[in-house]
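When a ligand or atom number is given, it counts from 1 through the structure's own listing order.
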Amino acid sequence: MNLYIGDRMDIKNLSKQELAELIEDNANGLDPHIGSLALREKEKYYQNRIFARGLIEFTNICKNNCYYCGIRGENKNIHRYRLNKEQILSCCKVGSELGFSTFVLQGGEDLYFTDEKMCDIIYSIKSHYPDCAITLSIGEKTKKTYQAYKNAGADRYLLRHETANEKHYGMLHPHDMSLENRKRCLYDLMEIGFETGAGFMVGSPYQTYENLAEDLLFLKELKPHMVGIGPFLPHHDTPFKDFKNGSFELTITMLALTRLMLGDVLLPATTALATLKPDIGRTKAFLVGANVVMPNLTLSEYRDDYLLYDNKLSSGNEAAQSIKNLEKEIMKSGNILDMSRGNNVRLKNL
Ligand code: SAM
């Protein structure tokens, strides 16, 4: 396949079939030339900076039943928890003292957190830490609710699309969830003015190379500010318990191709990738254009209860408290840790 125009890769003009072939060709190991093009693309926008976000997993209560997810509502074998406002603020305090200026509030779709309660939490965090960025990752809501979060002070929203293929979406989720609604949410978020994150798992059950090509084409159309990509990892109490891990190599390939497709995107080296390869996962991701880390700030007594998949890391360099060690790991990879808000460069106020 003739993929190169001079030294630049022409990924943006490839058809679904060509993308699928490219992905398949690099499934067992990324062509180093493509890896270095992806790294160069990242450096064009963000130099050698890696941005840190403090992750607060504030509730593992969820009304949904995604077949892959360990905190799905029907899993009766986990200890459920939710943090109250004071506990969330205490996580932010620890984070702020450690130097974090972005807080990511992630959770299941927990109906306890009404718009009023969520807005109060967002407003309170912003009152205590006016210069921080607040990222929410709490699932599918109406446009009105997203707007209320924005008005209360939220800056960013992460909602992985999971897969851009409708049939595949239906194999990963029960009938009460739809790709159509997931996409509607993402377009609403973009329209409201959130820095918006989409994303997908690599190696989720029944996924094909064509599906991954469709993910890239959807991202090209949506133009999100952030994209979360991690390997699927099975959880022992889900319908997908007997499926195998997504591939590390293919995840690295998808990170590189997403960087080349979207240029200025913020791309985390995800916890799932670090869980799959704790020694080299993050570093390999940085080498192909990942530029975000999201260490865990959740109160330690609850960290093990937010188990999306088996063996999920929340200690070592995934713990916010180990930020100095993480900084060393980042420096070893030739990068620097940046604790500023780290907006997407499209917002021009880094
Ligand atoms: N409820 C919110 C939502 O739906 O966006 C946020 C929480 S949800 C648990 C966060 C992400 O975890 C999902 O978008 C999914 O991609 C990822 N995830 C869940 N189960 C996983 C698994 N078994 N392996 C890898 N990633 C998983």
Checklist line | Under 3.5 Å: N/O of E109 near N/O of ligand 1 | finding: no

Next item on the list: Find out whether the Lys NZ or Arg CZ of R182 is both under 6.0 angstrom from the six-membered ring centre of Y169 and within 45° of the ring's axis.
Entry: no

Margin query: Could you identify the single nearest non-hydrogen protein atom to atom 16 (O) of ligand 1 and state the distance to 0.1 Å?
Written below: E162 OE1, 2.8 Å

Margin query: Please check: side-chain N/O of Y309 versus main-chain N/O of A272, any donor-acceptor pairing under 3.5 Å?
Written below: yes

Item checked: ligand 1 contact by R182, heavy-atom criterion under 4.0 angstrom -> yes

Check: Given the protein's heavy atoms, is any one of them under 4.0 Å from atom 11 (C) of ligand 1?
Finding: no

Check: In terms of ring plane angle, is the pair F51 and Y46 parallel, tilted or perpendicular, where the classes change at 30° and 60°?
Finding: perpendicular

Notebook entry, point to check: With a 4.0 Å cut-off on heavy atoms, does P231 reach ligand 1?
Noted result: yes

Next item on the list: Indicate the atoms forming the closest heavy-atom contact of I192 with K143, along with that distance.
Entry: CD1-O, 3.6 Å

Check: For M201, does its backbone N or O pair with a side-chain atom of Q207 as donor and acceptor, under 3.5 Å?
Finding: yes

Item checked: Heavy atom of protein inside 4.0 Å of atom 5 (O) of ligand 1, strictly below -> yes

Notebook entry, point to check: Any N or O on Y306 sitting closer than 3.5 Å to an N or O of ligand 1?
Noted result: no

Notebook entry, point to check: If you measure from each heavy atom of H235 to ligand 1, is any distance below 4.0 Å?
Noted result: no

Item checked: Shortest non-hydrogen separation from P268 to V227 and the atoms involved -> CD-O, 3.1 Å

Checklist line | Over 12 non-hydrogen atoms of neighbours within 6.0 angstrom of NZ in K141 | finding: yes

Notebook entry, point to check: With a 4.0 Å cut-off on heavy atoms, does S137 reach ligand 1?
Noted result: yes

Checklist line | Cation-pi geometry met for K312 and Y306 (6.0 Å, 45°) | finding: no

Next item on the list: Can you pull out the closest protein heavy atom to atom 1 (N) of ligand 1? Residue, atom name and distance to 0.1 Å, please.
Entry: G107 O, 3.0 Å

Check: Any idea which protein heavy atom is nearest atom 23 (N) of ligand 1, and the distance to it?
Finding: L233 O, 2.6 Å

Checklist line | Proximity of Y157 to ligand 1 by residue part, where a heavy atom lies under 4.0 Å | finding: neither

Check: Which heavy atom of the protein is the closest neighbour of atom 26 (N) of ligand 1, given with residue, atom name and distance?
Finding: M201 SD, 3.5 Å

